[in-house]
Amino acid sequence: MSLVSEHHARLNFGEIGQLLMKGDDAVGVLLTIKSRLPDEDRMVVNLSSWYVEPSSRWFAPRMLQMASSSQEETFTDLTPSPEACKLNERLGFSTVTDYTLFYPLLPKALGPARARLRPLADVHPGALPAAMRDMLEDHARFGCMVAVMEADGRHHPLVFLKTMTKRLPTARLIYCEDRQLAQRHISAIARHLLRKGRLAMTMAASDEERDAGGFAVLKSAPMQVKGAWNPRFINETYSELVLLPPWVLGRS
């Protein structure tokens, strides 16, 4: 939990979660990991690691309702259980991605590239807003791979989480302003990631995008959102995927 606590303390985001109390005993816990979207002032609250003891689960829906009640914030749940998915829907959450797209990078790298990925250090300071650069630098410190893609006369920040898929070194795309941008320039991204030792890339996608050039794998825990959200926006930054140890989430 140290990265979550340090992140909240540095940005004065307050407590990292909520406890459900029964008398003097804690019978439930919910992490509420906060961040701000780099290009606007809206707060994103990522709900994670929700647990309520069986004897007190009659109060669990009320706990989640209270935690996600603000109209000024956007709430995300990246790893809900099937039971949590149903409850989230009753509380106003929408499912924005259903699938994980898997891209083997070697064949993708053979296509024509109409973009170039550069390290953040090579990008002129004025090319990106200060808040965006701060987010990228934070995730580089967290051990993620960050890059800026130059395409169509613009700079597009990208963040990848290092993962393993069937013992294959993989990069999960966790920040991109538009997943169709990544799909359109997959050849340039593939070449960059291969140079970094990754052999595959994954990213979340909706049902409509399951045939977008990768192999679609149905997710057991779809991403759900409550509040303002662009459905083509990929943003899993400052989430439990990044800030919690893999064994907490059952990842290798």
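The figures that follow rest on heavy atoms only: side chains count, while hydrogens, waters and symmetry mates do not.
For CE of M66, the number of neighbouring non-hydrogen atoms (other residues, nucleotides, ligands) closer than 6.0 Å is 12 at most. Atom CD of E53 is surrounded by more than 12 heavy atoms from other residues, nucleotides or ligands within 6.0 Å. More than 12 non-hydrogen atoms from other residues, nucleotides or ligands lie less than 6.0 angstrom from CZ of R10.
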Atom pairs and distances, donor-acceptor, side-chain atoms in residues 186-193, under 3.5 Å, two or more places apart:
unit_1 : atom_1 : unit_2 : atom_2 : d
S187   : OG     : K108   : O      : 2.9
R191   : NE     : A109   : O      : 2.9
R191   : NH2    : A109   : O      : 3.2
R191   : NH2    : G111   : O      : 2.5

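Residues passing the salt bridge (Lys or Arg N to Asp or Glu O under 4.0 Å) test with R232, sequence neighbours excluded: D178.
A distance-only check finds no donor-acceptor pair linking the side chain of R179 to the backbone of S206 [under 3.5 Å]. At least one donor-acceptor pair under 3.5 Å links the side chain of T74 to the backbone N or O of A228. Put simply, the side chain of H8 gets close to the backbone of G14: a donor and an acceptor are under 3.5 Å apart. Looking only at distances, no side-chain donor or acceptor of T165 sits under 3.5 Å from a matching main-chain atom of L168. Distance alone, capped at 3.5 Å, places no donor-acceptor pair between the D25 side chain and the V27 backbone. Counting only distance, with no hydrogens or angles, the side chain of R42 and the backbone of E73 share a donor-acceptor pair below 3.5 Å. Judged by distance alone, the side chain of K226 and the main-chain N or O of S68 form a donor-acceptor pair under 3.5 Å. Remark: side-chain polar atoms of T95 are not paired, donor with acceptor, to backbone N or O of T97 under 3.5 angstrom.
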Pair M203, F102 - check side chain to side chain contact (heavy atoms under 4.5 Å, CB included), show working.
CA-CA 7 Å; M203 66 176 171; F102 177 87; over 6 Å; no
Determine, stepwise, if the pair T32 / I16 fulfils side chain to side chain contact (heavy atoms under 4.5 Å, CB included).
CA-CA 5 Å; T32 52; I16 67 171; 5.9 Å; no
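Checked options V44, N230, T76; the residue passing with V225 is T76 (criterion: side-chain contact (heavy atoms from CB on, under 4.5 Å)).
Atom-to-atom distance recorded for L91:CG and R62:CZ is 10.0 Å, nearest 0.5 angstrom. M223 CE to S94 OG: the interatomic distance, rounded to the nearest 0.5 Å, is 11.5 Å. For the atom pair CZ of R172 and OG1 of T170, the computed distance is 11.0 Å after rounding to the nearest 0.5 Å. Atom CG of residue L241 and atom CG of residue L161 lie 6.5 Å apart, to the nearest 0.5 angstrom. Note that the CG atom of L105 and the NZ atom of K196 stand 14.0 Å from one another [nearest 0.5 Å]. If you take CD on Q224 and NZ on K86, they are separated by 12.0 Å, rounding to the nearest 0.5 Å.
Ionic pairing of R57 and E83 is not present here: no N-O contact between side-chain nitrogen and carboxylate oxygen is shorter than 4.0 angstrom. Under 4.0 Å is where a charged nitrogen must lie from a carboxylate oxygen, and between E150 and R118 at least one such pair does.
Aromatic ring centroids of H139 and Y175 lie 6.0 Å or more apart.
At least one side-chain heavy atom of L37 sits under 4.5 Å from a side-chain heavy atom of F233.
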